[in-house]
*Asks:* 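Got a structure for you, written out below as structure tokens; questions coming shortly.
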Amino acid sequence: MYKIKKASWRRGVACLLVLLSLLTVWACAETAQEEPAAYMPSEQIDWEAVDAAVEEASQSSGDPEINVLQGLGNIVKSTGIAKSIEDGDWKCYIMIAVACFFLYLAIVKQFEPLLLLPIAFGMLLANLPGAGMMSHVSYTFYETLQDAVVGAQRLGKDMSDIVWRFNESTGTMQYSLQTANAGLLYYLYQGVKLGIFPPIIFMGVGAMTDFSPLIANPKSLLLGAAAQLGIFLTFLGAKAMGFAANEAGSIGIIGGADGPTAIFVTTKLAPHLLGPIAVAAYSYMALVPVIQPPIMRALTTEKERKIRMGQLRKVTKTETIIFPIMVTIIVSLLLPDAATLVGCLMFGNLVRVCGVTERLSKTVQNELCNIVTIFLGLTVGATTKGSTFLTLDTIKIVVLGVVAFGCGTAGGVLLAKLMNVLSGGTINPLIGSAGVSAVPMAARVSQKEGQKADPGNFLLMHAMGPNVAGVIGSAVAAGVFIALFAK
């Protein structure tokens with residue numbers, strides 16, 4: 001038999017206090033739920049009048065009479081050509097031609113086709129007159145709740161679809177009802193607007209990138225930092241040309257040769273400039289093999305381009321695992337605004353090197369990255385509407401983008417020349433140009449230029465160190481601008 005313990009009076013008091021506390025919390029919660037929301041509609045609805053208005057509207061909107069000539073006229077008026085003439089929008093045809101030119105570069109010339117082709121086609125879709133691929137959600141506004149209920153019932157909706165807002169300036173309620181959905185690309189664009197797609201792209205870049213050259217040669221971080229010179233010089237140039245500080249910061253990021261970073265910063269600092277900045281960033285990324293070589297040859301001698309660098313040391317698996325974790329912690333503690341980009345970049349790399357998440361690594365590198373690249377490219381291209389894209393500011397941004405790339409390339413090469421002198425002639429200055437974060441294209445350009453001077457010279461792995469450092473550097477620069485200028 002179980003022995004029943006005698007209850008203590010202290011336990012009874014404690015249980016009573018707990019019970020009273022729970023009852024008090026419950027009562028407060030019930031009171032809070034019963035309190036009416038601020039500025040709730042107080043109008044009374046005459047449901048008989050609502051039914052009569054809906055019935056009258058349905059009878060007056062019967063089947064229209066069939067008129068062949070009028071129907072043909074309506075079809076003609078609904079064509080994209082007629083709409084563009086009616087709106088006086090001739091710029092859309094220029095943007096369609098530009099889109100076709102970018103498609104030519106992507107398909108025939110193979111300039112960064114995985115990004116340039118979606119961007120070009122998104123540009124094409126957004127500028128088709130009347131297509132409405134980037135059209136916003138449409139609302140109808142009503143002065144009274146009674147009118148809003150009538151409008152809702154006519155559209156097959158109910159009161160839960162009515163949105164009301166109290167206008168404190170007039171002291172009246174305002175009612176609205178969604179009457180049309182937005183275009184397809186508008187909804188996909190929310191992934192860019194909310195800053196979702198660029199970090200996912202960074203995750204994929206991290207999963208596809210080998211950080212071993214950077215770990216084996218930590219001095220490469222200096223070259224990656226020097227190549228960000230173009231970002232800050234372009235920022236000053238943009239300010240001198242009349243752009244606001246937040247706009248100048250977004251334009252300056254073009255110099256990092258990193259499209260996702262440019263998009264991420266622009267959506268936070270200057271969303272109205274997203275179209276021209278994104279197109280400039282990705283276009284110049286595709287043109288890295290054209291822009292960089294003349295600058296590299298102008299700043300180096302034949303003897304310097306022939307320098308052969310020694311083999312990098314072997315990096316242990318433990319180092320490759322610790323590196324992304326430590327970079328994430330250090331950068332995020334020093335610059336929290338860069339945590340999103342750097343964190344996703346390093347997470348993607350950790351998934352690759354840890355050796356226990358092969359399925360995740362393959363998914364991030366392939367399916368996830370490819371899907372997001374398609375959506376990102378299409379929606380970024382769709383922001384280049386002719387009426388807002390073809391402006392003087394766009395021309396300024398395009399010019400500043402070239403300056404940014406050139407200064408970034410020059411900054412990396414010049415620091416590499418200095419490091420070569422200090423090291424006694426063991427560093428090929430060509431690897432400094434890879435400090436811009438166009439991975440791995442910039443590193444391949446360094447390799448190609450080195451082999452032109454000496455066919456037996458292999459600089460690719462040495463150039464990958466600054467190249468990877470450039471990705472981290474551009475993300476850090478992005479964090480600096482966001483910390484300084486985000487509202």
Side-chain angles (χ1 to χ4, degrees), residues 95-96 98-100 102-103 105-107 111-128 131-137 181-209 250 253-254 257-286 340-341 343-345 347-348 351 360-385 388-389 437-439 471 474-475 478:
M95 293 307 301
I96 290 174
V98 173
C100 292
F102 281 146
L103 288 171
L105 292 178
I107 298 171
F111 285 166
E112 202 70 24
L114 295 180
L115 287 169
L116 197 56
L117 191 145
I119 289 175
F121 207 81
M123 186 184 300
L124 177 66
L125 292 175
N127 286 281
L128 293 174
M133 299 291 283
M134 277 291 282
S135 59
H136 290 218
V137 179
N181 292 328
L184 171 64
L185 295 182
Y186 172 83
Y187 289 112
L188 295 179
Y189 175 68
Q190 301 311 304
V192 177
K193 185 177 180 180
L194 299 175
I196 298 172
F197 290 163
I200 295 178
I201 294 292
F202 253 55
M203 195 184 302
V205 171
M208 290 184 284
T209 303
S250 300
I253 290 294
I254 297 175
D258 192 334
T261 303
I263 293 171
F264 185 79
V265 173
T266 306
T267 55
K268 292 183 176 296
L269 299 185
H272 57 287
L273 295 180
L274 179 61
I277 287 177
V279 170
Y282 279 112
S283 298
Y284 290 138
M285 281 177 64
T340 301
L341 293 176
C344 287
L345 177 72
F347 171 72
V351 167
L360 297 182
S361 178
K362 289 181 178 179
T363 300
V364 173
Q365 292 182 48
N366 298 294
E367 291 85 359
L368 180 61
C369 193
N370 291 337
I371 291 171
V372 175
T373 297
I374 292 171
F375 289 163
L376 179 70
L378 282 173
T379 52
V380 165
T383 60
T384 58
K385 190 74 175 171
T388 56
F389 187 82
S437 58
V439 180
V471 179
S474 65

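Numbers for residues simply follow the sequence, beginning at 1.
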*Asks:* Are the side chains of Met95 and Thr384 in touch, meaning some heavy atoms are under 4.5 Å apart?
*Replies:* yes

*Asks:* Do Val279 and Met123 have side chains that get closer than 4.5 Å, going by heavy atoms?
*Replies:* yes

*Asks:* Please report the shortest heavy-atom distance between Gly204 and Cys369, naming the atom on each side.
*Replies:* CA-SG, 4.1 Å

*Asks:* Which residues pass the side chain to side chain contact (heavy atoms under 4.5 Å, CB included) test with Ser361, sequence neighbours left out?
*Replies:* Val351, Arg352, Gln365

*Asks:* For the backbone of Val380 and the side chain of Thr383, can you confirm whether one donor and one acceptor N or O come within less than 3.5 Å of each other?
*Replies:* yes

*Asks:* Is there a side-chain contact between Leu273 and Ser250 (heavy atoms, below 4.5 Å)?
*Replies:* no

*Asks:* Within this structure, what is the CE-OG1 distance for the pair Met133 and Thr379, rounded to the nearest 0.5 Å?
*Replies:* 11.5 Å

*Asks:* Applying ring pair (Phe, Tyr, Trp, His ring centres under 6.0 Å), can you list everything that pairs with Tyr186, at least two apart in sequence or on another chain?
*Replies:* His136

*Asks:* Taking salt bridge (Lys or Arg N to Asp or Glu O under 4.0 Å) as the test, write out the residues that go with Lys193, two or more places apart.
*Replies:* none

*Asks:* Who are the side chain to side chain contact (heavy atoms under 4.5 Å, CB included) partners of Val205, not counting sequence neighbours?
*Replies:* Ile201, Thr209, Leu345

*Asks:* If the condition is side chain to side chain contact (heavy atoms under 4.5 Å, CB included), which residues does Thr261 pass it with, not counting sequence neighbours?
*Replies:* Phe202, Ile253, Asp258, Val265, Leu341, Ser474, Ala478

*Asks:* Which heavy atom in Ser135 sits nearest to a heavy atom in Ala182, and how many Å separate them?
*Replies:* O-CB, 3.1 Å

*Asks:* Do the non-hydrogen side-chain atoms of Thr340 and Phe264 ever get within less than 4.5 Å of each other?
*Replies:* yes

*Asks:* Taking all non-hydrogen atoms of both residues, which atom of Tyr187 and which atom of Asn181 are closest, and how far apart?
*Replies:* OH-CB, 3.6 Å

*Asks:* How many angstroms lie between CD1 in Ile107 and CG in Leu116, if you round to the nearest 0.5 Å?
*Replies:* 9.5 Å

*Asks:* Between CG of Asn127 and CE of Met134, what distance do you get to the nearest 0.5 Å?
*Replies:* 10.5 Å

*Asks:* Could you pull out all residues at least two apart from Phe121 that satisfy side chain to side chain contact (heavy atoms under 4.5 Å, CB included)?
*Replies:* Leu103, Leu124, Leu125, Leu378

*Asks:* Roughly how far apart are Tyr282 OH and Leu376 CG, rounded to 0.5 Å?
*Replies:* 4.5 Å

